[in-house]
Amino acid sequence: MITLEKLTPPREGQRVEVRDGRLHVPDTPIIPFIEGDGTGPDIWRATARVLEAAVKKAYAGRRRIVWFEVFAGEKAHTRFGTWLLDDTLRAFTYYTVGIKGPLTTPIGGGFRSLNVSLRQQLDLYACVRPVRYFEGVPSPVRHPEQVDVVVFRENTEDIYVGYEFAGGSPEAKRLIEFVEREFKWKIREGAGVGLKPMSPFGTKRLVRKAIRYALDHGRRSVTLVHKGNIMKYTEGAFAAWGYEVAREEFGDRTITWAEVEKQHGGKAPPGRLLIQDYIADVTFQHLLTRPRSFDVIATGNLNGDYISDAVAAQVGGIGMAPGGNLSDFHAVFEATHGTAPKYANQDKVNPGSLILSGVMMLEHLGWREAADLIVRGMEATFRRKVMTYDLARLTEGAREVRTSEFAAAVIDAM
């Protein structure tokens, strides 16, 4: 049993457990949730309704989610005087799978980012963001239907670890003096400085997860995205270590682009997963001009942040982009956008990101029937041009609805 100091777990339901290297999901799993700040409560209420309706319809009442509210962000600070409650970390760890709305990052000290803190403290090393197009959703590109990409972003390394010092600080001066003395590196006076660690361990487990996903889901390729032409021993090493994983652990099921060109005339043979690498800036261009070249992307923390938002823009924006932060088994799914506080409590904003993150959660639990119902419901709703204001204002003939009304429309269309 879990011991919590300030929160009381539900009396009903059971935990999702990891046993013998597998996820064991009861019929009434306890799922911790953070409703989020700003517009978080609005989109959370809509999402919970949709998830509950899908599970009820798919399993005729045999299965049910038991929600357990835990706290981070403004609500945690107001109630408990802290931005991130220790009980929240304990609950996500014990119950294995959770979900959260957007969180405010405190200003003026404390956490650099609550989202980053959650990922690092729970060792949720892979940020997974599937991006696809729903017919009827407005897009700034000519062929958004060609976008179907899953981005695997490394979550625990790169410059996001926060090993940096402010320009002019005593710590920055000491570090600058050290590297000038030891390595003869010339750094301008007053510069802010930081470290960018990327390791074989962190890279390989991320790429391993991406390859397994691609194989399990019948995907065509995994592209290692990096800036190794400039940062050869971090970004370049990421690509090299990624190829090592493919060769050493999946050699009978994968093939590199060099092998395809040399041995197969430039066409990947059936039954083999293509492993290739792209420079980050070229990736941005090709995602716009030929998105079908990309299927699964594995990349570092900073590149993944840029790429996942950029590709989401092609299918309607980050309001339509789901996300999940995963370890080998533990997972916290989340809305990928910000809190939009000026729209808080107006029942106005698009809940699509959090609803689709809930779809990812259901798939992670193995409840694919319920997940598919939600996707079909959203497809039908968008085809009828029923949309919240952000999409409706860009769509001719759209019927603008509130957050709660959009949830009702998706449920009706299941």
Side-chain angles (χ1 to χ4, degrees), residues 6-10 30-55 64-85 87-89 91-92 95 97-107 111 113-115 117-118 317-325 331-362 374 377-378 381 386-392 400-411:
K6 298 181 179 180
L7 302 180
T8 303
I30 296 173
I31 303 295
F33 74 93
I34 300 169
E35 67 174 7
D37 299 327
T39 57
D42 284 344
I43 65 172
W44 170 250
R45 284 190 293 269
T47 297
R49 284 178 58 199
V50 171
L51 295 176
E52 290 165 4
V55 170
R64 179 171 57 89
I65 295 173
V66 178
W67 300 114
F68 175 24
E69 185 173 11
V70 296
F71 298 89
E74 293 174 350
K75 199 169 183 179
H77 192 256
T78 299
R79 291 195 180 190
F80 302 102
T82 180
W83 291 97
L84 180 57
L85 201 63
D87 279 357
T88 295
L89 296 172
F92 279 136
Y95 293 108
V97 177
I99 189 169
K100 58 176 283 294
L103 290 175
T104 298
T105 294
I107 297 174
F111 292 97
S113 164
L114 287 170
N115 292 322
S117 297
L118 280 168
I318 56 175
M320 289 294 300
N325 299 294
V332 178
F333 299 90
E334 65 178 356
T336 61
H337 53 72
T339 59
K342 72 176 183 178
Y343 295 116
N345 303 312
Q346 295 183 30
D347 194 26
K348 184 173 184 177
V349 298
N350 184 354
S353 176
L354 193 57
I355 291 174
L356 289 170
S357 298
V359 168
M360 291 179 67
M361 184 186 77
L362 293 174
I374 296 173
M378 291 188 71
T381 301
V386 176
M387 302 170 177
T388 49
Y389 85 100
D390 57 312
L391 301 179
E400 182 177 330
V401 296
R402 307 183 75 79
T403 309
S404 55
E405 293 170 334
F406 180 82
V410 172
I411 292 169

Throw together a table of side-chain donor-acceptor distances under 3.5 angstrom for residues 336-346, partners on residues two or more places apart or in other chains.
{"unit_1": "Thr336", "atom_1": "OG1", "unit_2": "Ile318", "atom_2": "O", "d": "3.3"}
{"unit_1": "Thr336", "atom_1": "OG1", "unit_2": "Ala321", "atom_2": "O", "d": "2.7"}
{"unit_1": "Gln346", "atom_1": "NE2", "unit_2": "Lys342", "atom_2": "O", "d": "2.7"}

Can you measure from [atom1] ([X]) to [atom2] ([Y]) and round to the nearest 0.5 angstrom?
{"X": "Thr78", "Y": "Trp83", "atom1": "OG1", "atom2": "CH2", "value": "7.5 Å"}
{"X": "Phe71", "Y": "Leu7", "atom1": "CZ", "atom2": "CG", "value": "6.0 Å"}
{"X": "Asp390", "Y": "Glu400", "atom1": "CG", "atom2": "CD", "value": "9.0 Å"}
{"X": "Leu118", "Y": "Glu334", "atom1": "CG", "atom2": "CD", "value": "8.5 Å"}
{"X": "Ile31", "Y": "Leu362", "atom1": "CD1", "atom2": "CG", "value": "9.0 Å"}

Practice item. Kindly write out the residues that satisfy ring pair (Phe, Tyr, Trp, His ring centres under 6.0 Å) with Phe406, not counting sequence neighbours, or none if the list is empty. Key: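 Per chain and number, Phe406 pairs via ring pair (Phe, Tyr, Trp, His ring centres under 6.0 Å) with Phe382.
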For [X], all residues meeting salt bridge (Lys or Arg N to Asp or Glu O under 4.0 Å), sequence neighbours excluded:
{"X": "Glu69", "value": "Lys75"}
{"X": "Asp347", "value": "Arg402"}
{"X": "Asp42", "value": "Arg45"}
{"X": "Arg79", "value": "none"}

Please report the shortest heavy-atom distance between [X] and [Y], naming the atom on each side.
{"X": "Ser357", "Y": "Phe333", "result": "O-CB, 3.7 Å"}
{"X": "Pro322", "Y": "Met360", "result": "CB-SD, 3.8 Å"}
{"X": "Arg49", "Y": "Ile411", "result": "O-CD1, 3.8 Å"}
{"X": "Gly38", "Y": "Glu74", "result": "N-OE1, 4.4 Å"}
{"X": "Phe80", "Y": "Lys6", "result": "CD2-CD, 3.8 Å"}
{"X": "Lys348", "Y": "Thr403", "result": "N-OG1, 3.0 Å"}

Are Pro41 and Glu35 packed together at the side-chain level, in the sense that at least one heavy-atom pair is separated by less than 4.5 angstrom?
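Pro41 reaches Glu35 side chain to side chain.
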| Do you know which of Asn350, Thr47, Leu51, Ile43 makes side chain to side chain contact (heavy atoms under 4.5 Å, CB included) with Ile355? |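 Output: one option passes, namely Thr47.
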- Is a side-chain N or O of Asp37 found less than 3.5 angstrom from the main chain of Thr104, in a donor-acceptor match?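 Here the side-chain-to-backbone pair exists.
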Mind running side-chain contact (heavy atoms from CB on, under 4.5 Å) on Ile99 and Trp67 for me, showing each step along the way? CA-CA 10 Å; Ile99 189 169; Trp67 300 114; 4.1 Å; yes
